[in-house]
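Beneath this line is the structure, given in structure tokens, with notes to follow.
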Amino acid sequence: MRQIIIWALCLSIFTTLTAQEIVNLPHEEIKEATYKGGEKAYFSKIWQNDVVTNVSAPTMEVFRPKNPNGTAVIVAPGGGLYALSIKSEGTDVAHWLNTKGITAFVLKYRLVPTGKDGVKEITDEANTNPARIGERVTPILPYSYADGLTAISYVRQNAEKYKIDPEKIGFMGFSAGGAVTMGVAYNYNETNKPNFLVPVYPWTVVIPIQDVPQDAPPMFVVCSSDDPLGLAPGSVELYSSWLKAEKPAALQMYAKGGHGYGMKAQNLPSDTWIERFYEWAIAQGITTPLN
């Protein structure tokens, strides 16, 4: 009996430690899309990463640091809007931010409806009919960045609950998540305005560079010159637009790094991009180092 009680207590403690804190975000249905089979989470052998596909309802997973310093970052993983690289561009990022006292929210924004394997779908289409990707992404993207704006509103409305400064809420997105970041950058209002933006190898092809908002927040852009998707010029153009508008901006462009690395180690200088972001954030007064 004693062993059963001890086992039950251990199970209870383990469950508490591993329980996910999930936020369901309000949203309107996408009339142009039909989702079947529900959201899927699996390890993609193609991308060698944990992924999530077929997201029809936006959610966020909350990652709370032991000693929150008041700064929050909403993290939007990439994946061509067909999938989310949920680990290397999501949860791994959140855990790193937590070590610096930053509260992180990993966003599952809405994606293109896909079948059994969304990663295989986008890979096959990229090889046989690349134009098809744009056709499928275009009607979904506005809903994806609407999810990003809703996420900011939620975090700001619940700032006290999460021990966050409502004026220190940032949005960081990778690749397609970078396109979501740009959608946020160009479409915010007073209630859902981000306090800083971090597009990482942003997919500038699907959202062209636009006029910079008059009250645009600071921006830190990350990319690599050898990005195989050709995203380096768009990243430079995005940075230059902020610079010309006399808004705080920084560009971390690496000679090598490729695309989609997130928190994956490649033994290249690009491995330390998040440390450069953190240094910039301290210099900008966006976050404060732990004592």
Side-chain angles (χ1 to χ4, degrees), residues 12-25 41 49-50 52 58-78 84-109 147-174 177-178 180-181 184 192-200 217-220 222 250 252 261-265 271-291:
S12 176
I13 292 170
F14 176 78
T15 302
T16 300
L17 290 174
T18 58
Q20 293 177 302
E21 186 176 355
I22 305 296
V23 175
N24 296 306
L25 295 173
N49 193 25
D50 292 329
V52 175
T59 62
M60 287 194 301
E61 184 175 358
V62 185
F63 293 80
R64 300 179 187 239
K66 183 177 180 181
N67 298 302
N69 65 6
T71 302
V73 175
I74 297 165
V75 182
L84 300 174
S85 293
I86 202 69
K87 186 176 186 297
S88 64
E89 296 176 348
T91 56
D92 285 353
V93 177
H95 287 307
W96 192 96
L97 293 172
N98 281 176
T99 66
K100 304 301 181 182
I102 298 171
T103 304
F105 300 80
V106 176
L107 174 65
K108 292 181 184 178
Y109 53 88
D147 296 339
L149 293 166
T150 301
I152 296 169
S153 293
Y154 173 85
V155 173
R156 182 160 288 128
Q157 291 166 5
N158 292 273
E160 185 175 354
K161 171 183 176 180
Y162 295 113
K163 299 180 181 179
I164 290 167
D165 183 337
E167 299 305 315
K168 290 185 178 181
I169 300 170
F171 200 96
M172 174 187 290
F174 300 77
V180 172
T181 305
V184 166
N192 56 27
K193 176 185 175 182
N195 299 111
F196 57 96
L197 297 160
V198 189
V200 183
M219 177 181 284
F220 185 87
V222 180
Q252 191 69 44
Y261 39 89
M263 297 297 288
K264 293 179 180 179
D271 292 353
T272 63
W273 70 266
I274 199 166
E275 295 175 30
R276 306 291 80 78
F277 153 71
Y278 180 61
E279 293 167 351
W280 171 82
I282 292 174
Q284 288 291 139
I286 289 167
T287 196
T288 53
L290 296 176
N291 295 326

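- Here the closest heavy-atom approach between residue Phe171 and residue Gly177 is recorded as CE2-O, 4.4 Å.
- Side-chain N or O atoms of Thr287 include none that pairs as donor or acceptor with a backbone N or O of Ala281 at under 3.5 Å.
- Side-chain contact between Asn158 and Val23: absent, with no pair of heavy atoms (C-beta onward) separated by less than 4.5 Å.
- A donor-acceptor distance shorter than 3.5 angstrom exists from the side chain of Asn98 to the backbone of Phe63, with no hydrogens or angles considered.
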Report task. Show your working on side-chain contact (heavy atoms from CB on, under 4.5 Å) between Leu97 and Tyr278 and close with a plain yes or no. Result -> CA-CA 9 Å; Leu97 293 172; Tyr278 180 61; over 6 Å; no
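- Between Asn192 and Ser153, the closest heavy-atom pair is CB-OG, 3.2 Å.
- Heavy-atom minimum distance, Asn195 versus Pro217: O-CB, 3.5 Å.
- Taking 4.5 Å as the limit, some side-chain heavy atom of Phe196 sits within range of a side-chain heavy atom of Val73.
- Ile86 contributes atom CD1, which lies 9.0 Å from atom CG of Asp50 (distance to the nearest 0.5 angstrom).
- Gly285 approaches Lys168 most closely through the heavy-atom pair O-CE, 3.6 Å.
- Between Ile152 and Lys193, the shortest heavy-atom distance links the atoms CG2-O, 3.8 Å.
- The main-chain N or O of Pro77 is found under 3.5 Å from a side-chain atom of Tyr109 such that the two form a donor-acceptor pair.
- Separating the OG1 atom in Thr103 from the NZ atom in Lys163 is a distance of 9.5 Å, to the nearest 0.5 Å.
- Residues His95 and Met263 fail the side-chain proximity criterion, which asks for heavy atoms closer than 4.5 Å.
- Proximity of Val222 to Phe174: side-chain heavy atoms (C-beta onward) are nowhere separated by under 4.5 Å.
- Between the side chain of Glu89 and the main chain of Gly78, a donor-acceptor pair closer than 3.5 Å is present.
- To the nearest 0.5 Å, the span separating CD on Glu167 from CZ on Arg156 amounts to 5.5 Å.
- Aromatic ring centres of Phe105 and Tyr154 lie farther apart than the 6.0 Å criterion allows.
- Between the CE atom of Met172 and the CD1 atom of Ile274 there is a distance of 5.0 Å, given to the nearest 0.5 Å.
- For the atom pair Leu107 CG and Glu61 CD, the distance stands at 12.0 Å (nearest 0.5 Å).
- A donor-acceptor pair under 3.5 Å links the side-chain atoms of Asn69 to the main chain of Thr288, judged by distance alone.
- Under the 4.5 Å side-chain criterion, counting only non-hydrogen atoms from C-beta, Arg276 is in contact with Phe220.
- Taking CG from Asp271 and NZ from Lys264, the interatomic distance works out to 12.0 Å, rounded to the nearest 0.5 Å.
- At least one donor-acceptor pair closer than 3.5 Å links the side chain of Trp273 to the backbone N or O of Gly262.
- Counted within 6.0 Å of NZ on Lys66, heavy atoms from surrounding residues, nucleotides or ligands total 12 or fewer; the atom is thus considered open.
- Closest approach of Ala72 to Ile164, counting heavy atoms only: CB-CD1, 3.6 Å.
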